[in-house]
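What follows is a set of notes on a single structure, which appears directly below.
Note that these values count all heavy atoms, side chains included, but never hydrogens, waters or copies made by symmetry.
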Amino acid sequence: MSEALRLDGISKTYNAGKANALTVLDAADLTLNAGEVVALVAPSGAGKSTLLHIAGLLDAPDTGRVVIGGADMTAKGDAERTRVRRQEVGFVYQFHHLLPEFSALENVMLPQWANGVADGEARDHAMSLMARVGVEGRAANRPAALSGGEQQRVAFCRALANRPKLLLADEPTGNLDPGTSDTVFAALMDLVRETGLAALIATHNPELAARMDRTVRLENGRLQ
């Protein structure tokens with residue numbers, strides 16, 4: 001089983017050197033393999049989002065290494081980090097962040113356009129992803145015309161549009177009612193299993209966490 005993500009000794013302190021300094025990550029370690037779905041559990045404010053941002057190259061640690069697909073990204077320049085973030089990492093957030101002026105289909109096509117994929121290929125792949133989660137019939141609708149669950153399923157498709165090796169999700173169903181949350185999470189899991197990527201999913205929901213391969217807990221800045 002190949003390694004998709006490794007975090008070695010990741011530390012992060014905000015307002016370092018000041019009286020109100022807050023250490024949210026303290027030599028945190030994590031290894032995630034391809035095809036593995038891992039739940040990330042922690043109290044609010046414990047640093048889950050910071051950890052996901054560092055793992056996804058949206059933020060830099062104070063110390064430690066972020067290794068994606070065997071490459072140490074900590075030593076890479078901005079251009080390479082941006083390329084890896086765009087092509088090899090997918091993000092899903094609690095709020096879908098779909099672009100309101102574009103249709104659902106276009107929102108899923110956008111990441112592919114950014115990578116130079118031709119319109120026809122981008123459209124076919126986007127429709128294929130949307131069909132897997134049951135929203136292909138809503139392809140022409142703009143986000144405002146979609147339900148919350150539909151919007152989040154489109155957001156999943158967008159995150160997977162560039163066939164990433166790693167998916168990072170921050171409370172992806174936290175803004176949905178329990179019934180919709182269960183349906184949407186099942187759709188996400190189906191997509192992840194079909195594509196064989198590695199996924200790290202932050203959740204407060206113990207039932208959702210129990211459906212993943214394993215759970216890691218962030219406590220006192222460390223993963224356990």
Side-chain angles (χ1 to χ4, degrees), residues 1-14 16 21-76 78 80-94 155-156 159-160 162-174 185 188-189 191-193 195-224:
M1 188 176 292
S2 60
E3 179 185 277
L5 170 71
R6 185 169 78 254
L7 304 178
D8 288 335
I10 298 296
S11 296
K12 186 72 174 182
T13 298
Y14 292 103
L22 174 64
T23 297
V24 292
L25 298 173
D26 182 16
D29 296 318
L30 175 68
T31 299
L32 198 63
N33 293 315
E36 187 177 30
V37 182
V38 175
L40 173 62
V41 176
S44 295
K48 295 192 305 297
S49 294
T50 297
L51 180 74
L52 290 171
H53 287 170
I54 289 173
L57 308 179
L58 291 171
D59 196 1
D62 296 332
T63 61
R65 297 192 309 150
V66 178
V67 181
I68 295 178
D72 184 357
M73 301 310 305
T74 329
K76 302 294 184 181
D78 288 344
E80 177 63 8
R81 288 168 60 88
T82 298
R83 184 197 68 77
V84 170
R85 185 169 60 243
R86 186 177 65 237
Q87 296 181 0
E88 300 186 20
V89 183
F91 297 92
V92 181
Y93 301 98
Q94 180 174 350
F156 294 157
L160 298 181
N162 282 332
R163 299 176 174 87
K165 298 175 182 177
L166 173 65
L167 176 70
L168 302 171
D170 195 356
E171 298 286 352
T173 61
F185 182 78
L188 172 61
M189 289 295 287
L191 269 180
V192 169
R193 296 300 189 196
T195 53
L197 51 70
L200 181 62
I201 303 175
T203 181
H204 278 105
N205 188 325
E207 293 181 359
L208 295 186
R211 292 162 64 178
M212 301 186 219
D213 297 324
R214 61 185 170 99
T215 297
V216 294
R217 289 175 172 81
L218 181 59
E219 297 181 4
N220 300 317
R222 298 199 174 191
L223 291 166
Q224 303 174 1

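Between Leu5 and Ala55, the shortest heavy-atom contact is CD2-CB, 4.1 Å. Contact record, Gly221 with Ala28: O-CB, 3.7 Å, taken as the closest heavy-atom pair. Here the shortest heavy-atom pairing between Phe91 and Gly56 reads CZ-O, 3.2 Å. Heavy atoms only, all atoms of each residue included: Ala198 and Ala34 are closest at CB-CA, 4.1 Å. Heavy atoms only, all atoms of each residue included: Asp170 and Ser49 are closest at OD2-OG, 2.6 Å. The shortest heavy-atom contact between Ile54 and Ala60 is CG1-C, 4.3 Å.
One finds the CZ atom of Arg85 at 13.0 Å from the CG atom of Leu166 (value rounded to the nearest 0.5 Å). For the atom pair CD1 (Ile68) and CZ (Arg81), the distance works out to 8.5 Å, reported to the nearest 0.5 Å. Summarising the geometry, atom CD belonging to Glu3 is positioned 9.0 Å from atom CG belonging to Leu32; distances are rounded to the nearest 0.5 Å. Between the CG atom in Leu7 and the OG1 atom in Thr31 there is a gap of 8.0 Å [rounded to 0.5 Å]. Atom CG of Leu167 and atom CD of Glu88 lie 14.0 Å apart (nearest 0.5 Å). Atoms CZ and CG, on Arg83 and Asp78 in that order, are 14.0 Å from each other to the nearest 0.5 Å.
Judged by distance alone, with hydrogens and angles left aside, the side-chain atoms of Ser11 form a donor-acceptor pair with the main-chain N or O of Ala27 at under 3.5 Å. Without hydrogens or angle criteria, Arg222 side chain to Asp26 main chain gives a donor-acceptor distance under 3.5 Å. Looking at Asn205, its side chain does come within 3.5 Å of a backbone N or O of Leu208 through a donor-acceptor pair. No donor-acceptor pair closer than 3.5 Å links the side chain of Asp59 to the backbone N or O of His53.
Val37 is listed as a side-chain neighbour of Arg193, based on a closest heavy-atom distance under 4.5 Å. You'll find the side chain of Lys165 stays beyond 4.5 Å of the side chain of Leu197, heavy atoms only. With contacts defined as side-chain heavy-atom distances shorter than 4.5 Å, the pair Asp29/Ile10 does not qualify. At a threshold of 4.5 Å between non-hydrogen side-chain atoms, the residues Leu30 and Leu200 count as touching. Between Glu171 and Thr203 there is a side-chain heavy-atom pair separated by less than 4.5 Å. Between Leu51 and Val24, every side-chain heavy-atom pair lies at or beyond the 4.5 Å cut-off. Between Leu57 and Lys76, every side-chain heavy-atom pair lies at or beyond the 4.5 Å cut-off. Side-chain contact check for Thr74 versus Asp8: every heavy-atom pair is 4.5 Å or farther apart.
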*Could you walk me through whether Met212 and Glu36 pass the side-chain contact (heavy atoms from CB on, under 4.5 Å) check?*
CA-CA 8 Å; Met212 301 186 219; Glu36 187 177 30; over 6 Å; no
*Show your reasoning for whether side-chain contact (heavy atoms from CB on, under 4.5 Å) applies to Arg217 and Leu223.*
CA-CA 5 Å; Arg217 289 175 172 81; Leu223 291 166; over 6 Å; no
*List the steps, then state whether side-chain contact (heavy atoms from CB on, under 4.5 Å) holds for Leu25 with Leu218.*
CA-CA 9 Å; Leu25 298 173; Leu218 181 59; 3.9 Å; yes
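Crowding of Lys48 atom NZ: a count of heavy atoms from other residues, nucleotides or ligands under 6.0 Å exceeding 12. Within 6.0 Å of CD on Glu207 lie no more than 12 heavy atoms contributed by other residues, nucleotides or ligands.
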